[in-house]
Amino acid sequence: MQPERHSSALHNSLLVTLGAAIVSGEYPAGQVITLDGVSAEHGLSRSVARESIRVLESMGMVESRRRVGITIQPSHKWNVFDPRLIRWRLASADRAAQLVSLCELRRGFEPAAAALAAQRADPHQCRILAAAVSDMVVHGRSGNLEAYLLADDIFHHTLLEASGNEMFRALRTVLSEVISSRTHHEKHSATPNLAIIDLHDEVARAIRLRDDAAAEKAMRAIIDETTSAAQDIPGPAADDR
């Protein structure tokens, strides 16, 4: 491995370790750590530790001050839209609460995005939505969860693109983390919910028919189903953490 790639891999590994430790409460808010301490604990150079801390600081998770050290920040200061933070929180013991929070966020924008897509989607985007639903049906029946979730991801990405609203489009990464997290955390679940697939089909059809009210209603029903499912998800097992 080239030195630059090796350094990047070490940095990313440490970043994930520290981020997960903060999210889990292993490093509680108010605790002060140091670069020397991080370097010694993880057997890494100060430069690798420094780069990881800089990223965490940009996410609002720590604050560095001279003669004070690196202070862990309370959760209300975190950049909760950062995909990495979402990933860590979904992998934590508080996963169900994070999923409910994300579902509440989705309820605030995705139905509106669906309504706009019904007004603005072009024929190509309508075809992609229909094809994604078809793939969800096929992979849902076969039990290929990973392929099913990829089709689900494509559906929601396309819907946000079709809304024509750059603010909605910027939330794509938030949805991707929610959907991709299910590949691991729902690996033992049964075949996907057929009612959810039918609702996706309703959204795609309503967009194709330019029925913004129907698209908004069906999307809201999808989120209601997802929220209900999220509330039934148990915390991670010890080997999932």
Side-chain angles (χ1 to χ4, degrees), residues 81 83 86-87 89-90 95-121 125-165 167-187 189-233:
F81 288 100
I86 292 172
R87 194 176 312 137
R89 295 180 76 178
L90 287 173
R95 178 170 73 245
Q98 170 71 148
L99 278 172
V100 171
S101 178
L102 288 165
C103 287
E104 290 172 349
L105 171 66
R106 291 180 64 184
R107 189 178 290 116
F109 75 86
E110 241 189 320
L116 287 175
Q119 300 170 20
R120 300 170 177 173
Q125 290 167 329
C126 289
R127 285 192 293 271
I128 293 176
L129 290 171
V133 173
S134 179
D135 286 345
M136 290 173 71
V137 171
V138 171
H139 298 307
R141 287 174 178 167
S142 70
N144 187 339
L145 181 61
E146 192 166 345
Y148 170 87
L149 293 175
L150 175 59
D152 193 11
D153 194 32
I154 291 171
F155 180 94
H156 290 279
H157 275 199
T158 303
L159 185 141
L160 294 184
E161 289 283 350
S163 76
N165 183 293
M167 297 295 221
F168 290 159
R169 188 165 55 243
L171 292 168
R172 287 177 50 174
T173 53
V174 173
L175 287 182
S176 285
E177 289 303 326
V178 176
I179 293 170
S180 66
S181 73
R182 291 160 56 194
T183 304
H184 175 65
H185 298 306
E186 297 178 22
K187 61 187 175 185
S189 63
T191 55
N193 188 334
L194 295 179
I196 290 260
I197 298 176
D198 289 342
L199 287 169
H200 280 75
D201 188 43
E202 287 184 29
V203 172
R205 186 185 312 112
I207 290 173
R208 185 175 67 253
L209 297 176
R210 303 299 183 191
D211 188 339
D212 53 352
E216 181 174 356
K217 180 180 178 180
M219 180 54 68
R220 196 173 300 279
I222 288 174
I223 298 168
D224 288 342
E225 286 279 348
T226 304
T227 302
S228 178
Q231 292 171 334
D232 294 332
I233 294 176

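This is a predicted model, so every value here is computed, not measured.
Each of M219, R220, E110 was compared with V203 under the side-chain contact (heavy atoms from CB on, under 4.5 Å) criterion, and only M219 meets it.
Rounding to the nearest 0.5 Å places CG of L160 at 7.5 Å from CZ of R172. Atoms NE2 and CG, from H156 and L129 in turn, are 10.0 Å apart once rounded to the nearest 0.5 Å. Note that CG of L175 and CD1 of I179 are 5.5 Å apart. Values are rounded to the nearest 0.5 Å. Taking CZ from R95 and CG from L102, the interatomic distance works out to 12.5 Å, rounded to the nearest 0.5 Å. In this structure, the separation between CD1 on I222 and CZ on R107 is 13.0 Å, given to the nearest 0.5 Å. I154 contributes atom CD1, which lies 12.5 Å from atom CD of E161 (distance to the nearest 0.5 angstrom).
Between I197 and M136, the shortest heavy-atom distance links the atoms CD1-O, 3.7 Å. The two residues A118 and A215 come nearest to each other via the heavy atoms CB-CB, 4.2 Å. In this structure, L90 and Q98 approach most closely via the heavy-atom pair CD2-CG, 3.6 Å. Of all non-hydrogen atoms in R106 and I223, the two that sit nearest each other are O-CD1, 3.4 Å. When all heavy atoms of R169 and G164 are compared, the pair lying nearest together is NH1-C, 4.4 Å. Scanning both residues, A113 and S163, for their nearest heavy atoms gives O-CB, 3.6 Å.
Residues passing the salt bridge (Lys or Arg N to Asp or Glu O under 4.0 Å) test with D201 are R205, sequence neighbours excluded.
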Full working for side chain to side chain contact (heavy atoms under 4.5 Å, CB included) between F109 and N165: CA-CA 11 Å; F109 75 86; N165 183 293; over 6 Å; no
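Using a 4.5 Å heavy-atom cutoff, the side chains of L159 and I207 are in contact. With contacts defined as side-chain heavy-atom distances shorter than 4.5 Å, the pair D135/F155 does not qualify. Considering only heavy atoms from C-beta on, L99 comes within 4.5 Å of V178 through its side chain. F81 is not listed as a side-chain neighbour of T173, based on a closest heavy-atom distance of 4.5 Å or more.
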